[in-house]
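Contents: one structure, followed by commentary.
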Amino acid sequence: MHHNLVDAGRPLFLCRSASCKAPQSVAATASAGGMSQPRRPVDFAAATPYLVHDTFRAMSCITKQIAHLDLDCFFVSVERIKDPSLRGKPVAVGGAPGGRGVVASASYEARAFGVRSAMASSRALRLCPQLILVRSRHHEYGEISERLATRMEEIAPVVERASIDEFYLDFTGCESLYQNNLAGFMHSMQKMVADEFSLPCSIALATTKTLAKIAVGTVKPNGVCVIPPGNEESFLAPLPIGVIPGVGAKTEALLTRRGFRTIADLQAQSEEHLCALLGASGGWLHAVAHGRGSDTVSVEHTRKSISREETFAKDLRAIPELEGELRTLVEDVCATVREKGWRARTIQLKLRYADFTTITRARTIDPTDDDPVIFDTVQSLFRAAYDREQAVRLLGVHLSNFDDAAQMELPLNPQRQHREELLKAVDRIRAKFGDDVIHVGGA
DNA sequence: TCTGGGGTCCTAGGACCC
DNA sequence: TCTGGGGTCCTAGGACCC
C-alpha cells in the first residue's frame with residue numbers, strides 16, 4: 001500500500017500498492033458485449049505446456065491482463081448465508097452497538113442511509129434506526145475467504161490474496177486457455193462465486209493492479225468491468241482523485257487545496273510538478289494517473305508483524321488491571337508467533353489515553369517467543385511510559401522483526417527444548433480451556 | 001460523530017560504524 | 001577549530017487499507 005503522502009501538510013513519500021475505496025463516479029466501462037462462456041473448466045495440470053508457452057509470450061509482449069475480484073460487502077454477505085432473512089435489509093456487521101464498536105461492513109441498503117465502514121455503531125444506528133447490527137465473526141469470514149482462494153487457484157493461473165475479500169488474478173498470456181475471451185470468463189467467474197459460495201462479487205480486468213482496483217469500484221456491487229488495453233487514460237480521466245488507492249483523506253485534501261479534482265487534472269500536470277507537490281510520491285501518482293503502475297501479481301506473502309490490541313469497554317487507570325490486560329495480550333500474540341514457529345526481535349507497546357492521544361514504545365531484544373520475556377519487556381515499557389494522570393482507553397502489543405526460528409535455529413539445548421515443549425503444551429491447554437486457566441512462569 | 005482491530009509502508013532523526 | 005560522508009539499525013509517529 002502507499003501511504004504517507006502527506007504528513008502535517010508536508011509532501012512525503014508514496015510507495016507502490018493496490019487497494020482503494022469505492023469511487024463515487026462511474027465512468028463508461030468498455031464491457032465486452034456478447035461474450036461466450038468457456039466451454040470447459042481449465043485444468044491447470046493439463047495446461048502446463050500451454051502455460052510455459054504463454055509465459056514466454058507474456059514476457060515478450062508487455063501487455064498484462066490482471067483481474068481484480070472484490071467480494072461485495074463480504075461480511076454482510078456471509079451473515080446472509082446463515083440468516084437469509086437479512087437479505088434486502090439494511091445490515092451492518094460490527095462491534096457492540098452499546099459499547100465502542102464500529103461498523104466493519106455495511107449492506108448497500110444500509111449505505112443508502114449513509115452508513116459506512118469504520119463509522120461508530122452508535123452513529124450508524126442514529127443514521128438508520130432500523131439497521132440490523134450483527135456481531136462480527138471474523139474467523140468464519142477468514143475460512144470462507146480461504147476456501148474461495150483455493151477454488152480460484154484451480155481456475156486461474158496466478159492468484160494473489162490481497163485481503164480477506166480481495167484477490168488479484170494474472171491471466172497474462174493465457175488468453176488461449178479461455179477461448180480468447182477473458183471478458184466472458186470474468187462473467188463465468190462471477191457466476192461461479194455466486195453459485196458455489198452464495199457470495200456476490202465484482203470483477204474488473206485491466207492492464208495493472210491499480211487500474212483493475214479502481215475499475216472494480218466503479219461497477220460495485222455485482223458488476224463486471226473490462227478496460228481494453230489503450231483505454232486506460234480515458235477511463236481514468238473523469239474519476240475523482242480520491243478513488244486512487246493510496247490517496248486517502250489527507251492527500252485528497254491537500255490536492256483539493258491545489259485545485260485538483262479529477263484524475264484528468266493530474267494527467268494535465270508534469271511529473272515534475274507533482275513531485276514538487278508530493279515529493280517522490282508525485283512520480284508514482286503521475287504514473288497511476290496515466291494508467292501505469294504495479295502489474296506484478298505475487299502468490300506468496302509473509303507477514304511482517306503480529307499484534308493484538310484491545311479497546312476497553314470503559315477507560316482504565318488501575319495499574320494491576322492494566323498489566324493484567326497486557327499479560328493477556330502478550331499470551332495471545334505469543335501463541336500466534338509460536339504457531340508460526342517464529343521469534344520476534346522488536347516488541348512494541350501501544351497506549352491510547354482517554355483523549356485518544358496514542359503513543360508507542362518499542363524495544364529490540366534477542367529473538368524470542370517466550371511469554372515471560374516478552375511480558376517483562378512490555379511491562380517495563382509500560383511502566384516507563386504510562387502517565388498516571390490519564391485513564392487508558394486501549395492497550396496493544398505488537399511484535400515484529402522476526403527471525404524465522406526454523407531457519408536460524410542451531411540445535412536446541414535440552415533446556416531450551418524443554419521450555420519449547422512447555423510453552424506448546426500451555427498453548428494447547430489455553431486453546432482447550434480458555435486463556436485464564438494457566439500462565440507461564442519465569443524461565 | 002466520537003472514533004475497532006488487523007495489517008503495510010514510509011519518514012525523520014539519532015546512534016553508531018567505517 | 002570547526003566539523004565528512006555513507007550505510008545500517010533503531011525508535012516514534014503517521015497515512016492508509018480492509
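Each chain gets a letter, A, B and so on, in the order its sequence line appears, and its residues count up from 1. All of these numbers come straight from a predicted model, not from anything done at the bench.
Phosphate contact (OP1/OP2 of C:dC16, side-chain N/O of A:Thr251, threshold under 4.0 Å): present. Under 4.0 angstrom from either OP1 or OP2 of B:dC9 there lies at least one side-chain N or O belonging to A:Lys304. Between A:Arg126 and the phosphate of B:dC2, there is a side-chain N or O to OP1/OP2 separation shorter than 4.0 Å. Contact between the side-chain N/O atoms of A:Ser105 and the OP1/OP2 oxygens of C:dC18 is not found at any separation under 4.0 Å. Side-chain N/O atoms of A:Arg345 include one lying less than 4.0 angstrom from OP1 or OP2 on C:dC10. In this model, the phosphate group of C:dC10 is not approached by any side-chain N or O of A:Thr346 to a distance below 4.0 Å at OP1 or OP2.
For the salt bridge (charged side-chain N to carboxylate O under 4.0 Å, His left out) with A:Glu309, the qualifying choice from A:Arg352, A:Arg393, A:Lys350 is A:Lys350, the only one to do so.
Listed by residue number, A:Arg393, A:Leu394 are the residues of residues 384-395 of chain A with a heavy-atom contact under 4.0 Å to DNA chain B. For DNA chain C, the residues of residues 353-362 of chain A within the heavy-atom distance limit of 4.0 Å (strictly under) are A:Ile359, A:Thr360, A:Arg361, A:Ala362, sorted by number.
Taking the side-chain hydrogen bond (donor to acceptor under 3.5 Å, both in side chains) definition, one finds that A:Thr256 meets it with nothing, sequence neighbours left out.
A:Tyr141 and A:Phe75 have parallel rings, their planes meeting at less than 30° on a 0 to 90° scale where 60° marks the start of perpendicular.
The minimum heavy-atom distance linking A:Glu160 with A:Ser298 is given by the pair OE1-N, 2.8 Å. Of all the heavy atoms in A:Ser121 and A:Leu133, the pair that sits closest is CB-CD1, 3.9 Å. Nearest heavy atoms, A:Leu395 versus A:Glu325: CD1-CB, 4.2 Å. Shown here for A:Val378 and A:Leu349, the closest heavy-atom pair between the two residues is CG1-CD1, 4.1 Å. Of all non-hydrogen atoms in A:Lys209 and A:Thr296, the two that sit nearest each other are NZ-O, 3.0 Å.
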Identify each donor-acceptor pair in which a side-chain atom of residues 94-101 of chain A lies under 3.5 Å from a protein atom, sequence neighbours left out, and give them as a table.
{"from": "A:Arg100", "atom 1": "NH1", "to": "A:Phe312", "atom 2": "O", "distance (Å)": "2.8"}
{"from": "A:Arg100", "atom 1": "NH1", "to": "A:Asp315", "atom 2": "OD1", "distance (Å)": "2.9"}
{"from": "A:Arg100", "atom 1": "NH2", "to": "A:Asp315", "atom 2": "OD1", "distance (Å)": "2.9"}

Please set out all donor-acceptor pairs under 3.5 angstrom arising from side-chain atoms of residues 142-150 of chain A, sequence neighbours excluded.
{"from": "A:Glu143", "atom 1": "OE2", "to": "A:His139", "atom 2": "NE2", "distance (Å)": "3.2"}
{"from": "A:Ser145", "atom 1": "OG", "to": "A:Ile164", "atom 2": "O", "distance (Å)": "2.7"}
{"from": "A:Glu146", "atom 1": "OE1", "to": "A:Arg161", "atom 2": "NH1", "distance (Å)": "3.3"}
{"from": "A:Glu146", "atom 1": "OE2", "to": "A:Arg161", "atom 2": "NH1", "distance (Å)": "3.4"}
{"from": "A:Thr150", "atom 1": "OG1", "to": "A:Glu146", "atom 2": "O", "distance (Å)": "3.0"}

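Nearest to the side chain of A:Lys250, among B:dC2, C:dC16, B:dG4, sits C:dC16. Side-chain atoms of A:Arg308 lie closest to B:dG6 of the nucleotides B:dG6, B:dG5, B:dG4. In this structure, the nucleotide among B:dG4, C:dC10, B:dC2 sitting nearest to the side chain of A:Thr311 is B:dG4. The side chain of A:Glu166 lies closest to C:dC18, out of B:dT3, C:dC18, B:dT8.
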Handout entry: Residue pair A:Arg80, A:Glu109: steps toward the salt bridge (charged side-chain N to carboxylate O under 4.0 Å, His left out) verdict
Key = CA-CA 13 Å; A:Arg80 282 172 167 169; A:Glu109 294 82 358; 3.1 Å; yes
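In this structure, A:Arg116 reaches neither bases nor backbone, as no heavy-atom distance under 4.0 Å exists between it and the strands shown. At a threshold of 4.0 angstrom between heavy atoms, the contacts of A:Gln348 with the nucleic acid are absent.
Nucleotides B:dC16 and C:dC2 place their P atoms 26 Å apart, quoted to the nearest Å. For the P atoms, the distance linking C:dC17 with B:dT1 amounts to 24 Å, nearest Å.
Look at NE2 on A:His68: it is 11 Å from C1' on C:dC17, rounded to the nearest Å. Atom-to-atom, CG of A:Leu399 to P of B:dG6 comes out at 12 Å; the value is rounded to the nearest Å.
Using a 4.0 Å cut-off between charged nitrogen and carboxylate oxygen, A:Lys220 and A:Asp72 count as a salt-bridge pair.
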Exercise for the section: State the dot-bracket string of DNA chain B. Criteria: Watson-Crick or G-U wobble, both atom distances under 3.5 angstrom; notation: ( ) intrastrand, [ ] crossing earlier pairs, | interstrand, . unpaired. Expected result: ....||||||||||||||
